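Contents: one structure, followed by commentary.
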Amino acid sequence: MSAVDAGMSAVEADGRRVPRSVTLLTGCVLAGLIVAVAAVSLLWVPYAPEDTSGGRLTPPGLPHLLGTDKLGRDLLTQLMIGARVALEAGAGSVVIGGVVGLAGGLAAGFATRWLDDTISAFLDILIAFPTVLVAMLVTAAREASLGSAIIAIGLAMSAIVARLTRVLVKRVLAQDFITASRTSGTSWPRIVAEHVLPNIWPTLSVNLALQFGLAVLAEASLSYLGLGAPPPNASWGRMLQEAQASVFIAPLGVIAPGVLLVVLVIGVNLIADGVRDVADPTRRRAR
């Protein structure tokens, strides 16, 4: 290969890297903005969440930069706390769904034929249950709170993670290097730690990143229905529900939480897409 050909190949390679880099960078910036807002809310917010001294539906300006809601609460304060609630819901749901789903998927992947069929049928039943219905059942056993919403979303998510894990585990177990490891006397726990988990983790991590975005949307939906975090904790979903009656008088009360919700979900999805490109060499070659 000549120097010119090598240079052109390098340029083409850079050209293929740029879109992936832009996707990942854009996702990090969008999600990072929400994370930064949530981090600041841990240390400082303009007003107390329960402060209603601002007057009903005050327009943006001083001292309330984004105005107030129908109860007189500062809108900027509500949005900042809502960012923290959204991230807590997404992270908590992913942890519960990931742990439970990974355990169930590994069990199904190593199970005998009849037990595998039983677990698969059970997972299909769980997937068929809407998240809202699961949340209602959890709320009936506990109470309407952020913790109940996280548990409900995590349980609903675990079935999806388990089904994906089962498929990935069976695919890895069918490989020749697994047979060679078993022939050499390697124990199953060691095979799981050294071969199965490293091979399924790239795909599983991308799926969990996507599930994070879905969990954020699910929490907003549950809060919209009154099954999420109760006041004075703010939630973007409940803010949308409370502001819909005054959308023509104070549209910012609907636009602001809706935009932040979209920004966070798009940012997480872009990060997942960028990570998938990095983790899957076949996609890199295809592009």
Side-chain angles (χ1 to χ4, degrees), residues 27-95 135 139 142-153 212-268:
C28 290
V29 170
L30 293 178
L33 289 175
I34 305 300
V35 172
V37 171
V40 171
S41 72
L42 293 172
L43 304 175
W44 173 84
V45 289
Y47 293 87
E50 64 276 6
D51 187 352
T52 59
S53 62
R56 297 179 68 254
L57 302 177
T58 302
L62 294 176
H64 301 279
L65 296 180
L66 297 181
T68 60
D69 62 8
K70 66 178 183 179
L71 298 178
R73 297 172 299 187
D74 181 67
L75 187 58
L76 179 58
T77 299
Q78 298 293 305
L79 291 172
M80 293 176 67
I81 297 176
R84 188 173 70 221
V85 170
L87 292 177
E88 289 176 356
S93 301
V94 166
V95 170
T139 302
R142 293 164 54 92
E143 60 180 358
S145 64
L146 179 59
S148 298
I150 291 175
I151 293 174
I153 298 170
F212 183 98
L214 295 176
V216 171
L217 291 175
E219 187 279 327
S221 301
L222 294 177
S223 294
Y224 185 90
L225 297 174
L227 299 175
N233 295 313
S235 171
W236 292 338
R238 195 177 73 250
M239 291 178 67
L240 290 171
Q241 190 276 331
E242 293 175 347
Q244 64 181 0
S246 57
V247 61
F248 295 109
I249 301 174
L252 194 59
V254 173
I255 295 174
V259 168
L260 290 179
L261 189 61
V262 171
V263 167
L264 177 57
V265 173
I266 289 179
V268 172

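Owing to the predicted nature of the structure, the values given are computational and were not obtained by experimental measurement. When reading the values below, keep in mind they use all heavy atoms of this one structure, side chains included, and skip hydrogens, waters and symmetry mates.
Expressed to the nearest 0.5 Å, how far SG of Cys28 lies from CG of Leu33 amounts to 11.0 Å. Met239 contributes atom CE, which lies 9.5 Å from atom CD1 of Ile81 (distance to the nearest 0.5 angstrom). Within the model, atoms CG of Leu75 and NE2 of His64 stand 10.5 Å from one another, a figure rounded to the nearest 0.5 Å. Distance CZ/Arg238 to CG/Leu240: 11.0 Å, rounded to 0.5 Å. We find the CG-CG distance between Asp69 and Asp74 to be 9.0 Å, quoted to the nearest 0.5 Å.
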> Which is it for Glu219 and Leu146 under the side-chain contact (heavy atoms from CB on, under 4.5 Å) test, yes or no, and what are the steps along the way?
Replying inline: CA-CA 8 Å; Glu219 187 279 327; Leu146 179 59; 4.3 Å; yes
>> What verdict does the side-chain contact (heavy atoms from CB on, under 4.5 Å) test give for Leu87 and Phe212, after you've listed the backbone C-alpha separation in whole Å, the side-chain angles of each residue and the deciding distance to 0.1 Å?
In response: CA-CA 9 Å; Leu87 292 177; Phe212 183 98; 3.9 Å; yes
> Are Leu30 and Ile34 close enough, and set up right, to give a side-chain contact (heavy atoms from CB on, under 4.5 Å), and what steps lead you there?
Replying inline: CA-CA 7 Å; Leu30 293 178; Ile34 305 300; over 6 Å; no
> Going through the checks in order, is the side-chain contact (heavy atoms from CB on, under 4.5 Å) test met by Tyr224 and Gln244?
Replying inline: CA-CA 11 Å; Tyr224 185 90; Gln244 64 181 0; 2.6 Å; yes
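Checked by atom type and distance alone, the side chain of Ser235 never pairs as donor or acceptor with a backbone atom of Gly82 at under 3.5 Å. For Ser246 (side chain) and Ile249 (main-chain N/O), no donor-acceptor pair under 3.5 Å exists by modelled atom type. The backbone N or O of Leu79 lies less than 3.5 Å from a partner atom in the side chain of Trp236, making a donor-acceptor pair. In terms of modelled atom types and a separation under 3.5 Å, the side chain of Ser148 and the main chain of Ala144 share no donor-acceptor contact. Formation of a donor-acceptor pair under 3.5 Å by the Thr77 side chain with backbone atoms of Val45 is not found in this model. With hydrogens and angles ignored, the 3.5 Å screen pairs no side-chain donor or acceptor of Arg73 with any backbone N or O of Ser53. Using modelled atom types, one side-chain atom of Arg84 and one backbone atom of Ser41 make a donor-acceptor pair closer than 3.5 Å. Judged by distance alone, with hydrogens and angles left aside, the side-chain atoms of Thr58 form no donor-acceptor pair with the main-chain N or O of Thr68 at under 3.5 Å.
Looking only at side-chain heavy atoms (C-beta outward), Asn233 and Pro49 stay at 4.5 Å or farther from each other.
Tested against Pro60, the residues Leu65, Leu76, Leu252 include a single side-chain contact (heavy atoms from CB on, under 4.5 Å) partner, Leu252. Results of the side-chain contact (heavy atoms from CB on, under 4.5 Å) test with Val263 over Val259, Val265, Ile266 single out Val259 as the only residue that passes.
In terms of heavy atoms, Ala234 sits closest to Val85 at O-CG2, 3.1 Å. Shown here for Pro46 and Met80, the closest heavy-atom pair between the two residues is CD-SD, 3.8 Å.
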